Amino acid sequence: MSSLIDNVISNLSQVIIGKEQQIKLALTCLLARGHLLIEDLPGMGKTTLSHALASSLNLSYQRIQFTSDLLPADIIGSSIFDLNDKTFSFHQGPLFNQVILADEINRAGPKTQSALLEAMEEQQVSIDGHSYPLPSPFFVIATQNPIYQAGTYPLPESQLDRFLMKISLGYPDVEAERKILLGQNVAIEQLANILEHDQFEQIQAQISHMTVSSPVIDYILAIVNYTREPGRFAMPLSPRASLALINAAKAWAFIHNRDFVTPDDIQAILPSVVQHRLSLNSHQHDLQLIEQIMTEVPVPL
């Protein structure tokens with residue numbers, strides 16, 4: 001199965017040139033059954049990454065542009081009265097796909113944001129007293145504009161916590177951008193479908209059953225308790241964050257062809273898992289504090 005994951009990463013790297021680390025993190029989030037938040041400027045490849053990921057994994061895909069006038073029913077769906085049958089029937093909204101790109105989530109109002117986040121949490125939507133399960137896997141990639149941009153509604157800390165990981169794609173390096181300008185990246189329509197649905201589910205099951213050694217568990221506990229020491233952070237890491245660390249580390253270990261987790265795995269995914277949970281404002285400042293955590297919390301030998 002690990003060779004299939006290598007093929008997925010190679011496949012995606014033909015479209016998103018020079019961003020293997022970000023590709024691995026996005027894939028880690030999906031395999032760990034989480035949801036991904038990407039904060040970046042427009043034009044960095046967020047849409048391309050989400051579409052290419054769905055195409056490589058043979059999953060249905062839908063992009064939803066979040067705007068200030070978007071209503072919950074626009075994404076969930078609604079019940080419509082049938083004049084012939086004299087009954088209401090539910091018409092599914094765009095959320096009923098396996099990979100959702102919630103583009104510019106912080107441009108929508110709180111009610112629509114909450115509707116999406118509730119669906120992410122419960123893997124279903126409820127309307128008129130009925131619950132409708134969402135397809136499996138159900139993976140949301142939400143993009144968020146930097147908070148200093150006009151017309152944004154920042155997500156509250158409690159809602160940021162619903163995302164397993166947060167990443168930024170950032171600018172490509174010179175050589176990667178040269179290849180893009182020369183048209184050397186592959187179009188999404190040309191990408192091969194690498195995994196079938198049952199193979200994908202087998203991989204997720206294999207990851208969830210992976211065991212983690214006691215020293216690694218102790219390392220995670222030391223990290224979260226470090227953030228809970230008085231005066232360090234206004235919003236220390238919660239038990240949900242502890243679970244996010246261990247689940248993401250398992251998936252990260254798997255895509256690196258291992259069936260066990262090491263402290264290096266924890267450190268590799270730590271910034272993406274905790275940055276948006278510590279309620280910090282400056283990206284640079286965030287990374288400095290996370291570097292401080294990794295430096296000051298003893299690593300098990």
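For clarity, every value in this text was computed on a predicted model and none was experimentally measured. Residue numbers run from 1 in the order of the sequence given.
A side-chain donor-acceptor contact under 3.5 Å links Asp69 and Thr67.
Comment: Glu177 does not engage Lys19 in a salt bridge, judged by the lack of any side-chain N to carboxylate O separation of less than 4.0 angstrom. By the 4.0 Å N-to-carboxylate-O rule, Arg240 lies close enough to Asp161 to be salt-bridged with it. A salt bridge between Asp265 and Lys250 is absent, with no side-chain N of the basic residue lying under 4.0 Å from a carboxylate O of the acidic one. Salt bridge status for Lys179 with Glu175: absent, with no side-chain N to carboxylate O gap under 4.0 Å.
Residue Ala268 comes nearest to Trp252 through the heavy atom pair CB-NE1, 3.4 Å, listed as atom of the first residue, atom of the second, then distance. Of all the heavy atoms in Ala251 and Leu31, the pair that sits closest is CB-CB, 4.1 Å. Across all their heavy atoms, Phe90 and Tyr132 have their closest contact at CB-OH, 3.5 Å. Looking at every heavy atom in both residues, Arg162 comes nearest to Leu117 through NH1-O, 3.8 Å. The minimum heavy-atom distance between Ala192 and Asn11, with the atom names listed, is O-ND2, 2.9 Å. Nearest heavy atom pair, residue Gln98 against residue Ser136, reads NE2-O, 3.1 Å.
With hydrogens and angles ignored, the 3.5 Å screen pairs a side-chain donor or acceptor of Asp40 with a backbone N or O of Gly170. Proximity of a side-chain donor or acceptor of Arg228 to a complementary backbone N or O of Leu237 within less than 3.5 Å is detected. Put simply, the side chain of Ser13 never gets that close to the backbone of Glu20: no donor and acceptor are under 3.5 Å apart. Gln144 places no side-chain N or O within 3.5 Å of a backbone atom of Leu37 that could act as its donor or acceptor partner. Using modelled atom types, one side-chain atom of Thr143 and one backbone atom of Glu104 make a donor-acceptor pair closer than 3.5 Å. Using a distance-only test at 3.5 Å, with no hydrogens or angles considered, a donor-acceptor pair links the side chain of Gln199 to the main chain of Glu196. Within the 3.5 Å criterion, the main-chain N or O of Leu164 finds a donor-acceptor partner in the side chain of Arg277. Side chain of His91 to main chain of Ser79: no donor-acceptor pair is present (N/O by atom type, distance under 3.5 Å, no hydrogens or angles). Although no hydrogens or angles enter the test, the distance criterion places a donor-acceptor pair under 3.5 Å between the side chain of Lys46 and the main chain of Leu41. Checked by atom type and distance alone, the side chain of Asp74 pairs as donor or acceptor with a backbone atom of Leu71 at under 3.5 Å.
The distance from the OG atom of Ser50 to the CD1 atom of Ile188 is 7.5 Å, given to the nearest 0.5 Å. Atom CD1 of Ile194 is separated from atom CG of Leu57 by 8.5 Å, given to the nearest 0.5 angstrom. Atom CD1 of Ile269 and atom CE of Met165 lie 6.0 Å apart (nearest 0.5 Å). Going from atom CD1 of Ile290 over to atom OG1 of Thr295 covers 11.5 Å, rounded to the nearest 0.5 Å. A distance of 7.0 Å separates CG in Leu169 from CD1 in Ile16, rounded to the nearest 0.5 Å. The CG atom of Leu12 sits 9.0 Å away from the CD atom of Gln14 when rounded to the nearest 0.5 Å.
You'll find the side chain of Val297 stays beyond 4.5 Å of the side chain of Asn225, heavy atoms only. Under the 4.5 Å side-chain criterion, counting only non-hydrogen atoms from C-beta, Val216 is in contact with Pro263. Side-chain contact between Ile100 and Phe138: present, with at least one pair of heavy atoms (C-beta onward) separated by less than 4.5 Å. Residues Asp103 and Ile64 have side chains not in contact (no heavy-atom distance under 4.5 Å, counting atoms from C-beta outward). Looking only at side-chain heavy atoms (C-beta outward), Ser60 and Gln62 stay at 4.5 Å or farther from each other. Side-chain contact between Glu291 and Pro271: absent, with no pair of heavy atoms (C-beta onward) separated by less than 4.5 Å. Counting only heavy atoms from C-beta outward, the side chains of Thr227 and Arg232 never approach each other to under 4.5 Å. Annotation: side chain of Arg63 is in contact with side chain of Thr47 (closest heavy-atom distance under 4.5 Å).
No more than 12 heavy-atom neighbours from other residues, nucleotides or ligands sit within 6.0 angstrom of CZ on Arg178. Around CD of Glu121, the count of heavy atoms belonging to other residues, nucleotides or ligands within 6.0 Å exceeds 12.
Under a hydrophobic clustering in which Ile, Leu, Val, Met, Phe, Trp and Tyr are joined whenever their side-chain heavy atoms come within less than 4.5 Å, directly or via other members, Met294 and Phe233 fall into the same cluster. Both Phe254 and Ile217 are part of a single hydrophobic cluster, where members link through side-chain heavy atoms under 4.5 Å apart. Residues Ile17 and Leu191 do not share a hydrophobic cluster, defined by chaining ILVMFWY side chains whose heavy atoms lie under 4.5 Å apart. A continuous path of hydrophobic side-chain contacts links Leu289 to Val273 [ILVMFWY only; heavy atoms under 4.5 Å]. Hydrophobic clustering (side-chain heavy atoms under 4.5 Å, transitive across Ile, Leu, Val, Met, Phe, Trp, Tyr) keeps Phe260 apart from Ile246.
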query = side chain to side chain contact (heavy atoms under 4.5 Å, CB included) between Ile203 and Leu195: does it pass, once the steps are laid out?
reply = CA-CA 10 Å; Ile203 289 173; Leu195 284 180; 4.1 Å; yes

query = Taking it one step at a time, do Ser131 and Glu122 satisfy side chain to side chain contact (heavy atoms under 4.5 Å, CB included)?
reply = CA-CA 10 Å; Ser131 296; Glu122 299 183 4; over 6 Å; no

request  = Could you please spell out the steps behind the side chain to side chain contact (heavy atoms under 4.5 Å, CB included) verdict for Tyr219 and Val299?
outcome  = CA-CA 7 Å; Tyr219 185 44; Val299 180; 3.6 Å; yes

key: From CA spacing to verdict: side chain to side chain contact (heavy atoms under 4.5 Å, CB included), Gln113, Leu155   = CA-CA 8 Å; Gln113 290 178 354; Leu155 295 177; 3.2 Å; yes

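Screening Leu36, Ile141, Val8, Leu53 for a side-chain contact (heavy atoms from CB on, under 4.5 Å) with Leu30, the sole residue that qualifies is Leu53.
Ring-centre distance between His51 and Tyr61: below the 6.0 Å cut-off.
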